[in-house]
> 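Here it is, the structure in full.
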Amino acid sequence: MSSLVLPLSPMKSISIRLPDNLESMPKTNLDRVGILVTSTVDMTIYALNENTAGNSEDSYAVLPITALSTIYVVTGAGSNELITVAAVEDSTHVNITLKTTCNVDWERTTYYDGDTISVDINSLGVLQLSHTSNSDRQCVFAGTKVSSDKPVSVLSGASCTGTNCDHAVTQMLPVELWGKRFIVPSFNDTGHIRIQIAASEDDTNIYVTEHYGDGTRHTTHRIIDANRVMDIYVPNLTFTEIFSYKNILVTGFSTGPAPFSFPIASIESFGWNYTISTMDNVYASNFSSFVNILTKTDMLSTLTMDGYAPHPSHWSRVTDLGYSVATIPITRGGHRFEASDPFMVLVYGYSAKGSYGYNAGYGFDNLPSGGLVVTAPTLPPTTMSVTTVSTVTASPNSCIDKPGVDCHLLDDNLHVCKDPKTAQEYCRKYCKICSHCPKPGGCIIG
């Protein structure tokens with residue numbers, strides 16, 4: 001194991017290429033191959049997993065340690081599925097209750113559907129579960145429950161899915177961060193979208209409404225129990241609204257020759273701003289990348305991409321939902337999205353051989369492991385290559401006030417705009433300052 005120390009600059013993206021020999025084979029094993037990233041400032045991490053042949057990729061937004069927890073139910077890519085569980089603390093006891101169509105061999109024991117695998121994992125240890133035989137590509141793990149006595153990170157994916165035998169990977173949200181209402185937009189794709197919904201409680205009522213391009217809609221109702229999943233297939237150019245009175249997890253999968261996975265944020269967990277990066281492939285040709293932006297229709301005027309409002313021609317409205325979606329091709333590198341009301345951004349791309357997709361992030365009021373602090377171990381330096389790959393220009397219209405703060409009231413009573421530090425943190429728009437301006441009043445917006 002080794003360590004790497006890097007300087008972070010505002011609005012710049014750093015790419016760290018891991019050695020090719022770290023590529024894992026589809027087998028069940030436990031190794032200390034975890035990667036711990038710490039920083040003195042807030043940051044965003046996206047991971048792209050690609051093989052050395054340049055024909056199989058996918059990506060995901062990496063959850064911070066404070067968002068990890070102890071109970072997960074996994075969704076699955078549909079074939080050749082894999083699960084990985086990574087520990088952030090020593091002596092983490094993990095139980096994995098299988099929901100599977102095949103079997104798993106672990107420490108001289110064969111486990112079947114309904115069996116529980118128990119294992120202790122130390123810090124940075126990663127357990128990967130694979131089916132004993134991959135001859136049946138329909139082997140799945142969807143509905144498998146992962147529980148532990150300390151927070152863990154859980155990934156679900158596939159070593160080979162779709163007609164192009166593409167890789168798929170998604171980081172699972174713990175049960176505490178699931179939601180009740182979701183909207184799945186259409187994609188710049190010709191195939192159907194498969195949506196998988198997972199439940200953590202028995203008698204979970206799920207209502208799915210498909211809003212079609214001709215203005216019609218259709219609603220279906222299903223009931224599923226704890227640690228079960230349901231799949232629905234919707235045609236392209238369809239908005240899908242999903243609602244439940246109990247918390248559920250929703251994951252989408254494109255169904256083209258090189259499919260990708262994309263977790264869907266619940267409406268309750270939309271964020272206010274995102275800084276994203278395209279996932280460009282060092283082995284194959286660069287991706288043609290896109291973003292899907294979902295926001296309330298009456299808030300379109302406040303949303304900016306790299307400081308400018310997207311052209312009106314990009315937007316499609318679903319009148320009875322009150323939401324609009326934009327599908328926008330984006331250039332290689334980093335991009336910044338901001339609005340005065342929560343919204344969702346999905347990022348995806350296609351190359352001649354593969355594809356990738358990820359959710360740009362979430363906005364949670366409370367995190368299950370908010371008090372957890374993990375200290376990076378002392379390790380020798382590494383020789384891994386590092387490249388600064390993109391720069392996001394600070395937008396001229398990027399000033400927004402902190403959500404939920406009444407800046408008019410703060411200024412009347414506490415004169416917040418006269419305190420540069422407080423104004424910068426809470427009331428940038430109201431006090432007419434930008435993030436790159438040295439003092440209140442230095443940059444006038446609007």
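Position 1 is the first residue of the sequence, and the numbers go up from there.
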> Can you tell me if NZ on K296 sees more than 12 non-hydrogen neighbours from other groups inside 6.0 Å?
no

> If you compare all heavy atoms of A142 against all heavy atoms of V229, which two are closest, and at what distance to 0.1 Å?
CB-CG2, 3.9 Å

> Using atom types as modelled and distance alone, determine if a side-chain donor or acceptor of R194 lies under 3.5 Å from a backbone N or O of A77.
yes

> Could you check whether any side-chain N or O of Q196 sits under 3.5 Å from a backbone N or O of G76, counting only pairs where one atom can act as donor and the other as acceptor?
yes

> For V347 and T278, what are the C-alpha separation, side-chain angles and deciding distance, and is it a side chain to side chain contact (heavy atoms under 4.5 Å, CB included)?
CA-CA 8 Å; V347 188; T278 57; 5.5 Å; no

> For the residue pair S244 and K246, what are the closest heavy atoms and their distance?
OG-O, 2.9 Å

> Evaluate the side-chain proximity of V184 to V234: yes if any heavy-atom separation is below 4.5 Å, no if none is.
no

> Taking atom CZ of R217 as the centre, report whether more than 12 heavy atoms of other residues, nucleotides or ligands fall under 6.0 Å from it.
no

> Ignoring hydrogens and angles, state whether a donor on the side chain of T251 or T75 is under 3.5 Å from an acceptor on the partner side chain.
yes

> Counting N and O atoms only, with roles assigned by atom type, does the side chain of Q128 sit under 3.5 Å from a partner on the main chain of K27, one being a donor and the other an acceptor?
yes

> Within a strict 4.5 Å, meaning less than it, do heavy atoms of the S289 and R332 side chains meet?
no

> Let me confirm one number: the OH-OG distance from Y72 to S147, rounded to the nearest 0.5 Å.
11.5 Å

> Measure across G125 and L30 and return the closest heavy-atom pair with its distance rounded to 0.1 Å.
C-CD1, 4.4 Å

> Is any side-chain heavy atom of L36 less than 4.5 Å from a side-chain heavy atom of I65?
yes

> Could you label the plane-to-plane angle of the Y348 and F290 rings as parallel, tilted or perpendicular, counting under 30° as parallel and over 60° as perpendicular?
parallel

> I would like to know whether S316 and V325 meet side chain to side chain contact (heavy atoms under 4.5 Å, CB included); could you show each step before the answer?
CA-CA 5 Å; S316 299; V325 65; 4.3 Å; yes

> Would you tell me whether S261 and D58 have side-chain atoms, one donor and one acceptor, within less than 3.5 Å of each other?
yes

> Could you go step by step and tell me if V208 and T240 meet the side chain to side chain contact (heavy atoms under 4.5 Å, CB included) rule?
CA-CA 7 Å; V208 178; T240 307; 3.7 Å; yes

> Backbone N or O of T209 within a donor-acceptor pair of the E241 side chain at under 3.5 Å?
no

> With W106, which of T28, I96, N29 fulfils side-chain contact (heavy atoms from CB on, under 4.5 Å)?
T28

> Indicate yes or no for a side-chain donor-acceptor contact from N359 to the backbone of A61 under 3.5 Å, with no hydrogens or angles considered.
no

> Which pair of non-hydrogen atoms, one from V140 and one from T101, has the smallest distance, and what is that distance?
N-OG1, 3.3 Å

> To the nearest 0.5 Å, what is the distance between OG (S200) and CG (L249)?
9.5 Å

> Of all residues at least two apart in sequence or in a different chain, which pass the side-chain contact (heavy atoms from CB on, under 4.5 Å) check with E268?
K180, R181, S266

> Examine distances only and state if a side-chain atom of N80 and a backbone atom of A158 form a donor-acceptor pair shorter than 3.5 Å.
no

> Between the main-chain N or O of S91 and the side-chain N or O of D120, is there a donor-acceptor pair closer than 3.5 Å?
no

> P185 and I183: which non-hydrogen atoms are nearest, and at how many Å?
CD-O, 3.5 Å

> Please verify the inter-ring angle class for Y358 with Y356; under 30° counts as parallel, over 60° as perpendicular, anything in between as tilted.
parallel

> Any chance you could measure L82, atom CG, to H131, atom NE2, to the nearest 0.5 Å?
8.5 Å

> From Y60 OH over to L155 CG, what is the distance, rounded to the nearest 0.5 angstrom?
4.5 Å

> Would you name the heavy atoms of S156 and M172 that are closest together and state the gap between them?
CB-CE, 3.9 Å

> Could you go through I276 and T44, starting from their C-alpha distance and side-chain angles, then the distance that decides it, and tell me whether this counts as side chain to side chain contact (heavy atoms under 4.5 Å, CB included)?
CA-CA 8 Å; I276 64 98; T44 300; over 6 Å; no

> Do D225 and T204 come within less than 4.5 Å of each other through their side chains, counting heavy atoms only?
no

> Hey, is OH on Y207 packed in by over 12 heavy atoms from elsewhere, all under 6.0 Å?
yes

> Is L173 close to Y362 at the side-chain level, that is, under 4.5 Å between some pair of heavy atoms?
yes

> Would you check if L127 and V94 make a side-chain contact, meaning some heavy-atom pair closer than 4.5 Å?
no

> Heavy-atom distance under 4.5 Å between the side chains of I267 and Y323, does that happen here?
yes

> Do T100 and D113 get their side chains close enough for a donor-acceptor pair, meaning under 3.5 Å?
no

> Output the distance between atom CD1 (I330) and atom CD1 (I328), rounded to the nearest 0.5 Å.
9.0 Å

> Using only atom types and a distance under 3.5 Å, with no angle test, would you say the side chain of N103 pairs donor to acceptor with the backbone of T110?
no

> I'd like to check V88 versus K150 (side-chain heavy atoms, cut-off strictly below 4.5 Å). Are they in contact?
no

> Using a distance-only test with no angle check, is there a side-chain donor-acceptor pair under 3.5 angstrom linking S123 and D90?
no

> Any donor-acceptor pair under 3.5 Å linking the side chain of T70 with the backbone of P151?
no

> Which word best sums up how the rings of Y245 and F243 line up, parallel for under 30°, tilted for 30 to 60°, or perpendicular for over 60°?
perpendicular

> What is the distance from atom CD1 of I45 to atom CD1 of I16, rounded to the nearest 0.5 Å?
8.0 Å

> If only atom types and distance count, is the side chain of S39 paired as donor or acceptor with the main-chain N or O of V41 below 3.5 Å?
yes

